[in-house]
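Letters go in sequence order (proteins before strands), and every chain restarts at 1.
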Number of protein chains: 2
Amino acid sequence: MGATRSLEIIRAFYAVAREVGLENASISRVGEHMGISNGLVMHYFKTKDELLIGLNDYILQQHMQVMLEGHRGQIRSRKDLEELIRNLFSRKWNQYFDDGVFYSCYALIYRNEAFKDSFKAYLLELHRVLRDELQQARENGIIENENIDSLAEIIFALVDGSYYYLGMFDQGDALHKSQQETYIAHCLQLFKYSVS
Amino acid sequence: MGATRSLEIIRAFYAVAREVGLENASISRVGEHMGISNGLVMHYFKTKDELLIGLNDYILQQHMQVMLEGHRGQIRSRKDLEELIRNLFSRKWNQYFDDGVFYSCYALIYRNEAFKDSFKAYLLELHRVLRDELQQARENGIIENENIDSLAEIIFALVDGSYYYLGMFDQGDALHKSQQETYIAHCLQLFKYSVS
DNA sequence: AAATTAATTGAATGACCATTCAATTTATGT
DNA sequence: ACATAAATTGAATGGTCATTCAATTAATTT
């Protein structure tokens, strides 16, 4: 089946990019990494651009999956809500994902409209999901914030801003930990909890 | 003088990266762009890595300059403080800087320790400056926030997170504008103004 | 003016790149 | 078993890459 081979190739491309950087990840290296000929790679992806777009889609899809993992259900308690937030700030996918490759893809949106559209769709969807979760928290009487939309946007800005800054520090670093707690504490403090 | 030539080359490298992407910015293209031989470029930068590091330093230095431009002085009034914040969120350097090149450089920190160190030093310095400005605002009796340190960190997370997200939208876009106002409004609301 | 140093050229090198393609192997359907 | 299609190979192509270097020109010093 062609679809699985395509996916295999994308995964290999990702693995190679992780090792040598996206800018040095070539078709030949992908083939070599898989133990197949470079010609075969090009049989599944007519151009390198196609492969790049495939990688981008793959990364975004995986990212979404990890991002939403765990808190798919309803937000029924204050604890659920806090876990949701902590989950957003935890850089747990670092074990699955490479930030260098991710930001390299992100950088491409500024020169490639297709990349920008993909990223935009992904981010809008991600924001929508958080908004819905917060809406649920409100409907379930956990919080009483009035402007859920902007609340979600603020939280995501904090999340994304924290990734950007914390990328500088090792995850074991003490500063990394305390900084992360600062962000989380501020976030949780944004909620107007209902008195029960 | 060698120093000015080096700077010329870095600037040309930046201009080329802007046009074709950092991953496609080659020594030859830099030479071509300047109307000099590729050999001369390599005379000033022994390896391409040196040139890359030169570009990174240049970008960070310029970025800092634009970031701090205007609000070098004391924060004496509430208006000064608000302007400082608005300035941080305004993407005004987009006319001078290319986000694609910037994020491409940023992505390199994940695989190159020298890049990471440069970026880290730059960000720490930038954060220090904002912290000092807020401290001034406090000493001048404009705000009464107790934890200036974490306040500065939260503000920067919002700033960086907003850049990340707003990169997706055209600056003329209505959503871009309203989103930006959401961030700014939230930021200003973080201040505990003194009653005068 | 001669000597020395610095700036600059441009061609050569060998490696790697994305892409093409004819040939071959493997799988699939009849 | 045969025929058709799909998967795969590997070599060839022409281009660009970073890097090297001997030769040349310009600037500076003596």
Enumerate the residues from residues 27-35 of chain A whose closest heavy atom to DNA chain C is under 4.0 Å, giving them by residue number; use none for an empty result.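 Under 4.0 Å from DNA chain C: A:Ile27, A:Ser28, A:Arg29.
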Using side-chain heavy atoms (C-beta onward) and a distance below 4.5 Å, is A:Arg29 in contact with A:Ser26?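 Yes, close enough: below the 4.5 Å cut-off.
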side-chain hydrogen bond (donor to acceptor under 3.5 Å, both in side chains) with A:Gln180: which residues, sequence neighbours excluded?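 Expected list: A:His176.
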The criterion is side-chain hydrogen bond (donor to acceptor under 3.5 Å, both in side chains); which residues satisfy it with A:Arg111, sequence neighbours excluded?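 Partners of A:Arg111 under the side-chain hydrogen bond (donor to acceptor under 3.5 Å, both in side chains) test: B:Glu23.
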Starting from [atom2] on [N], measure out to [atom1] on [X] and report it in whole angstrom.
| X | N | atom1 | atom2 | answer |
| --- | --- | --- | --- | --- |
| A:Leu40 | D:dT9 | CG | P | 5 Å |
| B:Phe13 | D:dA18 | CZ | C1' | 12 Å |
| B:Asn24 | D:dA18 | CG | P | 10 Å |
| B:His43 | C:dT5 | NE2 | P | 14 Å |
| B:Phe45 | C:dT8 | CZ | C1' | 16 Å |
| A:Glu23 | C:dC16 | CD | P | 17 Å |

Presence of salt bridge, A:Arg78 and A:Glu82, under 4.0 angstrom: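 Result for this pair is yes, salt bridge flagged.
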Using a strict threshold of under 4.0 Å (side-chain N to carboxylate O), is an ion pair present between A:Arg128 and A:Glu125?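 Counted as a salt bridge, because a side-chain N and a carboxylate O are separated by less than 4.0 Å.
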Which nucleotide in C:dT9, C:dA18, D:dT8 has an atom nearest any side-chain atom of B:Ile36: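 Given the options C:dT9, C:dA18, D:dT8, the side chain of B:Ile36 is closest to C:dT9.
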Quick test of your reading: applying side chain to side chain donor-acceptor pair (under 3.5 Å), list the pairs with at least one residue in residues 52-62 of chain A, sequence neighbours left out, ordered by first then second residue.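 As it turns out, the side chain to side chain donor-acceptor pair (under 3.5 Å) pairs with a partner in residues 52-62 of chain A, which skip direct neighbours, are A:Arg11-A:Tyr58, A:Asp57-A:Ser118.
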Quick check on [N]: is either OP1 or OP2 less than 4.0 Å from any side-chain nitrogen or oxygen of [X]?
| X | N | answer |
| --- | --- | --- |
| A:Ser37 | D:dG10 | no |
| B:Arg5 | C:dA6 | no |
| B:Ser26 | D:dT16 | no |

Would you please name every residue forming a ring pair (Phe, Tyr, Trp, His ring centres under 6.0 Å) with A:Tyr106, sequence neighbours left out?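 Once residues adjacent in sequence are excluded, the partners of A:Tyr106 under the ring pair (Phe, Tyr, Trp, His ring centres under 6.0 Å) criterion are A:Tyr110, A:Phe119, B:Tyr103, B:Tyr164.
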Could you list all N or O pairs between the protein and nucleotides 20-23 of chain D that sit under 3.5 Å apart?
none

Is a side-chain N or O of A:Asn140 found less than 3.5 angstrom from the main chain of A:Ile75, in a donor-acceptor match?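 Yes, A:Asn140 side chain to A:Ile75 backbone: donor-acceptor pair under 3.5 Å.
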Once you measure the plane-to-plane angle for B:Tyr183 and B:Phe89, does it fall in the parallel (<30°), tilted (30-60°) or perpendicular (>60°) bin?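 Geometry flag for B:Phe89 against B:Tyr183: parallel rings.
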